[in-house]
Amino acid sequence: MSTPSTGGNARRDFYERIGGLSMAPLWEQLHQLVPPQPKPGYVAAHWDYAQVRPFLMESGSLITAKEAVRRVLILENPSLRGTACVTPTLYAGLQLILPGEVAPSHRHTQSALRFIVEGRGAYTAVDGERTLMHEGDFVITPSWTWHDHGNDSSGPMVWLDGLDIPMVALFNAGFAENGADDAQAVIAPSGTADARFASGLLPVDWRPGGQTSPIFNYPYSRTREALRGLERAGPPDPCHGWKLRYVNPATGGAPIATMGTFMQLLPKGFETAPYRSTDGTVFSVVEGEGETRIGDVTVRWRPRDHFVVPSWTTVVHRPSSEAVLFSFSDRPVQERLDLWREQRLVDA
Ligand code: 1HN
């Protein structure tokens with residue numbers, strides 16, 4: 001048996017020669033390709049709405065919603081600048097629509113969620129039905145559905161957009177097209193989807209066509225009432241407080257196949273037990289103030305602030321008043337792929 005040549009030069013020379021055939025040695029990368037545990041290549045970050053809002057409003061004087069198509073300031077992870085990603089699998093942005101504006105109709109295979117941050121009374125139309133949006137509402141525009149937004153109210157509307165753009169890009173499965181008209185024709189009165197699907201009942205002969213929820217606005221009034229009910233029903237979970245996931249009533253799954261959405265209530269003075277999970281998560285603060293420790297970073301938050309928690313990074317929430325947090329992540333995808341894991345660092 002001959003002794004392998006350990007000289008760096010011999011190996012480097014070898015790497016160069018196989019490089020010419022588009023090959024590379026696995027042994028130089030094995031450990032980073034298969035890490036013993038997730039090592040997210042992105043960081044915790046916080047967007048203070050008091051700092052963000054003036055720029056959002058300034059964008060309103062720079063470009064119209066129609067010209068921009070979507071007037072959005074992307075929340076880009078500081079470690080992923082230039083990629084439009086808030087995590088490696090998720091896109092997030094804050095969208096502004098001013099009174100009288102229309103964001104024209106289009107559709108794409110990327111799914112979108114809206115979480116309403118400021119204002120009331122603008123609408124989103126999804127496949128011919130409009131819904132008026134209010135703060136705290138969670139609205140979906142599922143994959144390949146026609147959607148446009150309009151603001152017939154007297155004030156600006158701001159919402160958080162969450163999209164699965166990086167996931168769709170990874171699969172090279174993106175398609176998009178523009179509508180014939182800016183505002184699509186209304187074919188169902190507002191409230192139709194809610195009436196048909198949002199009462200624990202389904203139209204008798206209706207069958208789900210896929211994973212997407214037939215409900216497209218989950219109003220805050222109902223979500224808040226559910227949290228109040230949970231609070232009365234029993235003690236908070238040590239890691240989550242009282243936490244609910246939004247659900248497609250026809251399947252029990254997430255309303256959008258690619259993104260899970262959650263709302264949690266934390267009582268004043270509570271400190272959550274340390275927790276981590278493999279789904280990097282974007283939070284939007286709805287009510288209350290407090291701070292969250294994310295690994296060794298602490299962010300102080302108020303209503304309308306946003307922050308991102310990387311995968312497998314330990315989180316502790318410390319609300320100084322009663323608080324309500326909305327969040328979204330790629331958890332349904334990880335669950336479908338049998339990849340999702342969590343760790344509750346709490347005494348049994
Ligand atoms: C989009 O269609 C919307 O419909 C928002 O409001 C943000 C970001 C990238 C691609 C499409 C919307 C988007 C988007």
Side-chain angles (χ1 to χ4, degrees), residues 47 52 55-56 59-60 62-77 80-98 100-119 121-135 137-153 156-184 212-213 216-218 255-259 261 282 284 306 308 326 328 330:
W47 291 269
V52 166
F55 288 110
L56 209 45
S59 76
L62 282 180
I63 192 165
T64 63
K66 187 175 158 71
E67 189 194 347
V69 182
R70 300 295 185 259
R71 189 204 288 116
V72 179
L73 299 185
I74 301 171
L75 305 183
E76 215 171 39
N77 193 286
L80 304 171
R81 296 309 306 273
T83 67
C85 293
V86 67
T87 75
T89 56
L90 298 169
Y91 160 101
L94 289 171
Q95 179 159 178
L96 170 69
I97 184 160
L98 294 169
E101 289 192 315
V102 169
S105 173
H106 68 189
R107 64 176 177 174
H108 37 72
T109 50
Q110 293 83 358
S111 294
L113 66 86
R114 329 271 167 211
F115 184 70
I116 313 313
V117 168
E118 179 182 341
Y123 67 82
T124 280
V126 176
D127 277 349
E129 182 179 334
R130 289 181 179 183
T131 187
L132 288 182
M133 301 182 287
H134 305 90
E135 286 177 19
D137 291 357
F138 160 59
V139 175
I140 63 171
T141 52
S143 179
W144 209 236
T145 52
W146 291 107
H147 55 282
D148 53 80
H149 319 298
N151 188 350
D152 296 333
S153 83
M157 282 278 300
V158 176
W159 60 76
L160 171 69
D161 288 314
L163 285 91
D164 52 12
I165 289 171
M167 284 186 256
V168 176
L170 176 66
F171 295 117
N172 278 292
F175 294 86
E177 57 188 36
N178 292 322
D181 301 307
D182 283 353
Q184 55 183 302
T212 296
S213 177
F216 72 110
N217 188 345
Y218 294 74
I256 303 171
T258 49
M259 291 182 286
T261 42
V282 177
S284 182
H306 294 84
V308 57
F326 171 86
F328 76 97
D330 62 13

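Numbers here are sequence positions counted from 1. Counting starts at 1 for both ligands and their atoms, following the listed order. Predicted model only: the values in this text are computed from it and were never measured.
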Item to check | side-chain hydrogen bond (donor to acceptor under 3.5 Å, both in side chains) involving E76 - partner list, sequence neighbours excluded | outcome: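 Partners of E76 under the side-chain hydrogen bond (donor to acceptor under 3.5 Å, both in side chains) test: R81.
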
Checklist entry - Which pairs, with at least one residue in residues 156-175 and sequence neighbours excluded, count as a side-chain hydrogen bond (donor to acceptor under 3.5 Å, both in side chains)? => result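 Only Q95-D161, R114-D161, W159-D161, D164-T258 qualify under side-chain hydrogen bond (donor to acceptor under 3.5 Å, both in side chains).
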
Item to check | salt bridge (charged side-chain N to carboxylate O under 4.0 Å, His left out) evaluation trace for R107 with E177 | outcome: CA-CA 6 Å; R107 64 176 177 174; E177 57 188 36; 2.8 Å; yes

Next on the checklist: What does the 4.0 Å heavy-atom contact list look like for ligand 1?
Outcome noted: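 Those residues closer than 4.0 Å to ligand 1 by some heavy atom are R70, Y91, Q95, H106, H108, R114, H147, H149, D161, L163, I165.
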
Item to check | Main-chain N/O of T124 paired to T131 side chain as donor or acceptor, under 3.5 Å | outcome: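 Not a single qualifying donor-acceptor pair exists.
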
Next on the checklist: Over 60° means perpendicular and under 30° means parallel, so tell me whether Y218 and F138 are parallel, tilted or perpendicular.
Outcome noted: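 Tilted: the ring planes of Y218 and F138 meet at 30° to 60°.
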
Checklist entry - Partners of Y91 by ring pair (Phe, Tyr, Trp, His ring centres under 6.0 Å), sequence neighbours excluded? => result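 Scan of Y91 (ring pair (Phe, Tyr, Trp, His ring centres under 6.0 Å), adjacent residues dropped) gives none.
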
